[in-house]
Amino acid sequence: MNKHVKKLVIALALASPTLGAFAAENSKTLSVYTTAKDTGHKLSLTDTLSLKAATQNPENEIAVYVNPDKTFQTFLGFGGAITDASAETFAKLNKKKQAEFLKAYYDKKDGIGYSLLRTTIHSSDFASGSYTYIEEGDKELKTFNIKHDQKYRIPMLKAAIKAAGGKITTYVSPWSAPAFMKDTNNMLQGGKLLPEYNNAWAMYYTKFIKAYEKAGIPIWGITVQNEPMAKQTWESMIYTAEEERDFLKNHLGPVMKKEGLGDKKIIVWDHNRDLIVHRVNTIMADPEAAKYVWGVGFHWYETWAGGKPMYGNVAEVNRAYPELNLLVTEATVEKFNAERYHYWPNAERYGDSIINDFNSGAVAWTDWNILLDNTGGPNHVGNFCFAPIHENNGELIYTPTYYYIGHFSKFIRPDAKRVSAVPSRSVLQTTSWMNADNKLATIVMNNSDAAVTYRLYIGTQETTVNIPAHAMQTLVY
């Protein structure tokens, strides 16, 4: 760097601390990591580019504009769910493949650096069968124990925590109360919690948290109920907005506090983007319920009705309740088909959602099953789905989704701040984050059939980037 350029960098630093620090440390080069269809690029370092002083781009050139001085939400983490299905499948792998799998997800250097984890309170559909932690009819929870989970799930959770460096943000979700606590006397097919079991069910959460923490798995938070508006063929339970509000206000919140777990984060909704605004409005309008709410979880399945993802609803909650933390708590590609392990639109569905959810205000993103077998299970009601990695006859199959996820999870680290980033044309999508170490990670996705050349602006600097057709890039500088 010559003395004149050095003086300019120092001047920028004085004028704008954030941009100046960025420019001083990163004025030389930018690293481009690419995953692209029909190429060998899988999170591959494909280019190293020089930055120069920016000039105005003409209207007929595509650009991505990043402004590190304009910051938004703070990143919590990125991860996936360790379900019974994942743990049962993991147990089938030999030790070498287990180590490979754990490194692939949790290693920050050689893997994609997962920093967030979800698991279930007793069974979901992704298990070999339904079960609870008590004997049926035990109203006082005297028989509560987590022996079931000690065979597969707890060992995998411990291995994941170790692989992540000894610490990972873990939260838990229930799919249904035990059958006897519900008006249908069935864990499956929806139904509602009987009022006389409100406190017992709230205590069930606390017993689970304490048992897991005693087993060496720290629990950061909980969601009130997985998909509280869906009557599913598997474990499910219905709460209207008012019912969830009142259960939280009168039972779950006070019981958690009384049991010494008031520091655990409580996440409401945990369902699709379509009804999220009504749910949040209803709960947050009640100060006694609102005081227990740390955040709002949401899923991506509203497209089941034939429409498009409702990203705008998430952004509306973010505008109306900036004090709330928004996070994706579940997403997966449904209807498993082994012929589509490498079906590129599956990965692009992830890319589209992650970028838009982050830009709408989400602080975290959680995939569903972290591992499934070659049937898309095990699943005790036949709801077979995709995972980023599948097991097939003892081998691991890495889908394109795994690599697309890695463009975010590997390069955006906890405590990063989202910064302003927009494309000039809809052919590209982008989100950008400034990490705590002042490394800027800008993710750009091209879903089109043609390669695109674009000018990347970072404050007062720019460079020219080529992105292949159907590709994802992370630009680190």
Side-chain angles (χ1 to χ4, degrees), residues 73 75-81 83 86 114 116-118 120 124-126 171 173 175 223-230 232 234 236 267-280 295-318 324-337 340 343-370 372 376 379 383-388 399-409 412 429 431 443 445 447 472:
Q73 73 270 29
F75 188 61
L76 172 67
F78 204 114
T83 58
S86 295
Y114 268 12
L116 187 66
L117 194 156
R118 185 192 192 205
T120 69
S124 69
D125 52 323
F126 277 93
Y171 67 100
S173 306
W175 266 241
T223 74
V224 177
Q225 169 65 41
N226 179 72
E227 299 188 348
M229 288 301 293
Q232 305 284 24
W234 52 87
S236 47
I267 298 161
V268 298
W269 188 221
D270 199 8
H271 204 167
N272 299 329
R273 304 180 188 99
D274 48 4
L275 307 185
I276 189 172
V277 173
H278 175 255
R279 183 69 47 142
V280 177
V296 182
F298 61 96
H299 301 182
W300 75 359
Y301 308 110
E302 69 271 12
T303 53
W304 69 268
K308 294 182 179 180
M310 301 298 290
Y311 302 122
N313 289 2
V314 178
E316 181 64 19
V317 171
N318 190 40
L324 292 178
N325 297 280
L326 295 162
L327 63 162
V328 174
T329 46
E330 185 185 314
T332 194
V333 175
E334 312 91 330
K335 298 179 181 177
F336 175 78
N337 179 347
R340 289 194 164 188
Y343 184 60
W344 213 261
N346 287 352
E348 293 181 334
R349 181 179 175 187
Y350 272 80
D352 181 79
S353 176
I354 297 166
I355 289 171
N356 281 283
D357 288 330
F358 281 159
N359 290 347
S360 297
V363 302
W365 215 93
T366 325
D367 187 34
W368 186 209
N369 298 279
I370 199 168
L372 292 173
N379 186 292
N383 181 34
F384 301 118
C385 295
F386 284 93
T399 72
T401 296
Y402 167 82
Y403 298 102
Y404 265 47
I405 286 173
H407 278 274
F408 302 90
S409 63
I412 308 169
Q429 297 186 68
T431 190
I443 295 89
M445 185 170 71
N447 283 357
M472 180 78 82

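- For the pairing with Phe336, the ring-ring contact (aromatic ring centres under 6.0 Å, His included) check across Phe126, Phe386, Phe384 returns one residue only, Phe386.
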> Passes side-chain contact (heavy atoms from CB on, under 4.5 Å), Met445 versus Ile355? Steps please.
Replying inline: CA-CA 9 Å; Met445 185 170 71; Ile355 289 171; 3.9 Å; yes
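- Within the 4.5 Å cutoff, side-chain heavy atoms of Asn447 are placed close to those of Gln429.
- Side-chain contact check for Arg273 versus Ser360: every heavy-atom pair is 4.5 Å or farther apart.
- A side-chain donor-acceptor contact under 3.5 Å links His271 to the backbone of Met229.
- With Gln225 contributing its side chain and Asp270 its backbone, the two residues share no donor-acceptor pair below 3.5 Å.
- Asn359 and Tyr311 are not linked by any side-chain donor-acceptor pair at a separation below 3.5 angstrom, with hydrogens and angles left out of the test.
- For the pair Pro309 and Thr303, the minimum side-chain heavy-atom distance is below 4.5 Å.
- Between Met310 and Asn272 there is no side-chain heavy-atom pair separated by less than 4.5 Å.
- The side chain to side chain donor-acceptor pair (under 3.5 Å) with His299 is formed by just one residue from the set Asp274, Thr366, Thr329; it is Thr329.
- Ring planes of Trp365 and Phe78: parallel class, angle under 30° (limits at 30 and 60°).
- Using modelled atom types, one finds a donor on one side chain and an acceptor on the other under 3.5 Å when comparing Asn369 with Thr83.
- The side-chain heavy atoms of Leu324 and Val280, taken from C-beta on, include a pair separated by under 4.5 Å.
- Tyr404 and Trp344 share a side-chain donor-acceptor pair at under 3.5 Å.
- Side-chain contact check for Ile443 versus Ile354: every heavy-atom pair is 4.5 Å or farther apart.
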